[in-house]
Amino acid sequence: MTAKLIKGTEIREQILEEIASEVLELKEKHGIVPGLVTILVGENPASMSYVTLKIKTATRLGFKEIQDSQPEDIAEEDLLNLIDKYNNDDSIDGILVQLPLPKHIDEKKVLNAIDPDKDVDGFHPINVGRLMIGGDAVKFAPCTPAGIQEMIIRAGVETSGAEVVVVGRSNIVGKPIANMMFQKAEGANSTVTVVHTRTKDLAAHCKRADILIVAAGVPGLVEPAWIKPGACVIDVGVNRVGEKISEKTGKKIAILRGDVDFDAAKEIAGSITPVPGGVGPMTITMLMKNTLKSMKFKLGII
Ligand code: NAD
């Protein structure tokens, strides 16, 4: 059997088109567009390329987009004041502080300073709490888990009553996606097991999964024998395992591998996400969706 590929690149395009047309419609009706500010401290190359991609996407969607670059040695207090300025700017619906921050800045303090109603990353403790409560309480689900759930829904995978096994318990992927999948909601209502480094028999748990979500950061961790035939496999892992020369640009690029042995797994699974081109493209897409949602909350239309 060859699994159906769940392509993040294709789903991204569908969602971005939906967002763009909604932005246009709301602009005509209310005269405003979603505003997103990205605060970048220092010149970390990975952060810079990620921010560039965010700006490109936001611009394509017709958002008001501000990139606020700050020097590496900005004082923590000045960064907090900057966040406060955007918290009080009515044209800004989403505030994003690109991580990691330099060592002299307390990351937690900075993230907690963002107005929870503009926290489109969904990392503020208030939004984590809202997510746990579920239903109408939820404002912003964190972007990668939201992208995973959206992929599962759009791939037509049945989640109600399904056995979901999540490998990994990080705050940005494992914990939130596990929480989202057992809620009484669309694309959820599943029975969820979370496994991690202290789990006794990882393979036995994975083998039970109708939907296996892997976010461990260990290349090839999930062996084909751990996959239940016909299961939906979502591979969140993005691991750099080497470098190669790009045929397109002639430049050095990273060779990426997921947490699942893809070539063997696709012969057993019913559906599977590739790496790259699977979950990866969904994160920025859901960030845009959250920013639009924030503007809709502001307008009182949701
Ligand atoms: P993390 O290191 O914070 O957490 C990894 C989790 O996996 C931990 O809870 C740990 O207990 C568990 N784990 C690690 N090794 C394990 C093992 N051998 N057996 C069982 N459990 C194990 O990582 P993270 O931030 O959650 O990211 C996980 C992976 O997902 C990484 O490869 C990361 O690059 C990727 N990621 C991708 C996206 C995206 O595509 N947009 C977003 C976030 C993370």
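The residues of the chain are indexed from 1 along the displayed sequence.
- Follow the hydrophobic side-chain contacts under 4.5 Å out from V233 and you never reach I152; the two are in separate clusters.
- At a threshold of 4.0 Å, the pair E13-R60 counts as salt-bridged, since one of the basic side-chain nitrogens sits closer than that to a carboxylate oxygen.
- Not counting sequence neighbours, E65 has no partner by the salt bridge (charged side-chain N to carboxylate O under 4.0 Å, His left out) test.
- When all heavy atoms are compared, the tightest approach of R130 to P116 is NH1-O, 3.9 Å.
- If you check the side chains of T283 and T144, you find a donor sitting under 3.5 Å from an acceptor.
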Show me the donor-acceptor pairs, under 3.5 Å and distance only, between side chains in residues 19-29 and residues at least two apart or in other chains.
from : atom 1 : to   : atom 2 : distance (Å)
S21  : OG     : E18  : O      : 3.2
E22  : OE2    : K296 : NZ     : 2.5

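- Between the side chains of K64 and S91, at least one donor N or O lies within less than 3.5 Å of an accepting N or O.
- Looking at heavy atoms from C-beta onward, H124 lies out of side-chain contact with K118 at the 4.5 angstrom threshold.
- Side-chain atoms of E243 and I253, non-hydrogen and from C-beta on, never get closer than 4.5 Å to each other.
- Side-chain heavy atoms closer than 4.5 Å link hydrophobic residues (I, L, V, M, F, W, Y) into clusters, and following such links, possibly through other members, connects V165 to V222.
- Between the side chain of D119 and the backbone N or O of F123 there is at least one donor-acceptor pair closer than 3.5 Å.
- To the nearest 0.5 angstrom, K266 atom NZ is 13.5 Å from T273 atom OG1.
- Panel note: side chain S47, backbone E43; no donor-acceptor pair is recorded below 3.5 Å.
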Q: Dump the intermediate steps for side chain to side chain contact (heavy atoms under 4.5 Å, CB included) on I234 and V279, then the final yes or no.
A: CA-CA 8 Å; I234 306 287; V279 176; 3.6 Å; yes
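- Residues I74 and D78 come closest through the heavy atom pair CG1-CB, 3.8 Å.
- Shortest non-hydrogen contact noted between V167 and C206 is CG2-SG, 4.0 Å.
- In this structure, S190 contributes its side chain and V192 its backbone to no donor-acceptor pair below 3.5 Å.
- Judged by distance alone, the side chains of T291 and S294 never bring a donor and an acceptor atom under 3.5 Å apart.
- For the atom pair CD1 (I55) and CD1 (I66), the distance works out to 11.0 Å, reported to the nearest 0.5 Å.
- Among pairs with a residue in residues 205-224, those fulfilling salt bridge (Lys or Arg N to Asp or Glu O under 4.0 Å) read E163-R208, D210-K228, at least two apart in sequence or across chains.
- Remark: H205 NE2 to L212 CG distance equals 12.0 Å, nearest 0.5 Å.
- Only one option out of D89, D117, D93 pairs with K298 in a salt bridge (charged side-chain N to carboxylate O under 4.0 Å, His left out); it is D93.
- Of the possible donor and acceptor atoms, none in the side chain of Q67 sits under 3.5 Å from a partner among the backbone N and O of I39.
- Residues Q98 and K54 have side chains that bring a donor and an acceptor to within less than 3.5 angstrom of each other.
- There is no side-chain donor-acceptor pair under 3.5 Å between Y86 and D115.
- Taking a 6.0 Å sphere around CG of D136, one finds it holds 12 or fewer heavy atoms contributed by other residues, nucleotides or ligands.
- Within a 6.0 Å sphere centred on CZ of R154, other residues, nucleotides and ligands contribute more than 12 heavy atoms.
- Annotation: side chain of F140 is not in contact with side chain of D121 (no heavy-atom distance under 4.5 Å).
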Q: With side chain to side chain contact (heavy atoms under 4.5 Å, CB included) as the test, would you mind laying out the steps for Q70 and L40 before giving the verdict?
A: CA-CA 6 Å; Q70 295 295 327; L40 175 67; over 6 Å; no
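- Formation of a donor-acceptor pair under 3.5 Å by the H30 side chain with backbone atoms of I32 is not found in this model.
- Linking ILVMFWY residues whenever their side-chain heavy atoms come closer than 4.5 Å, directly or via other members, leaves L96 and L111 in distinct clusters.
- Inter-residue side-chain proximity for V110 and L101 is flagged as met; some heavy-atom pair is nearer than 4.5 Å.
- Hydrophobic clustering, with ILVMFWY side chains joined whenever heavy atoms are under 4.5 angstrom apart, groups M286 together with L53.
- Residues N171 and P176 are not in side-chain contact: their nearest non-hydrogen atoms beyond the backbone lie 4.5 Å or more apart.
- We find the CG-CG distance between L221 and L202 to be 6.0 Å, quoted to the nearest 0.5 Å.
- In this structure the side chain of V236 reaches within 4.5 angstrom of the side chain of I148, judged on heavy atoms.
- Scanning both residues, V194 and G168, for their nearest heavy atoms gives CG1-O, 3.6 Å.
- For the pair K139 and F297, the cation-pi test (distance below 6.0 Å, angle within 45°) is passed.
- Defined by atom type and a distance below 3.5 Å, a donor-acceptor pair is missing between the side-chain atoms of E158 and S160.
- Linking ILVMFWY residues whenever their side-chain heavy atoms come closer than 4.5 Å, directly or via other members, places M288 and M151 in the same cluster.
- T57 OG1 to L61 CG: the interatomic distance, rounded to the nearest 0.5 Å, is 7.0 Å.
- Not a single donor-acceptor pair under 3.5 Å links the side chain of D235 to the backbone N or O of F262.
- Heavy atoms only, all atoms of each residue included: S271 and V157 are closest at OG-CG2, 4.0 Å.
- Judged by distance alone, with hydrogens and angles left aside, the side-chain atoms of D259 form no donor-acceptor pair with the main-chain N or O of G220 at under 3.5 Å.
- Interatomic distance, C232 SG to I211 CD1, rounded to the nearest 0.5 Å: 5.5 Å.
- Between N290 and C143, the closest heavy-atom pair is ND2-SG, 3.9 Å.
- A heavy-atom distance below 4.5 Å is found between the side chains of V260 and I227.
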Q: List the steps and the verdict of side chain to side chain contact (heavy atoms under 4.5 Å, CB included) for V120 and I95.
A: CA-CA 7 Å; V120 285; I95 302 171; over 6 Å; no
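- No donor-acceptor pair under 3.5 Å is formed between the side chain of T199 and the backbone N or O of D201.
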Q) D106 and E76: side chain to side chain contact (heavy atoms under 4.5 Å, CB included), yes or no, with the steps? A) CA-CA 7 Å; D106 181 346; E76 185 179 276; 3.3 Å; yes
Q: Given side-chain hydrogen bond (donor to acceptor under 3.5 Å, both in side chains), test T52 with S49 step by step and report yes or no.
A: CA-CA 5 Å; T52 307; S49 71; over 6 Å; no
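- Looking at heavy atoms from C-beta onward, I133 lies out of side-chain contact with V138 at the 4.5 angstrom threshold.
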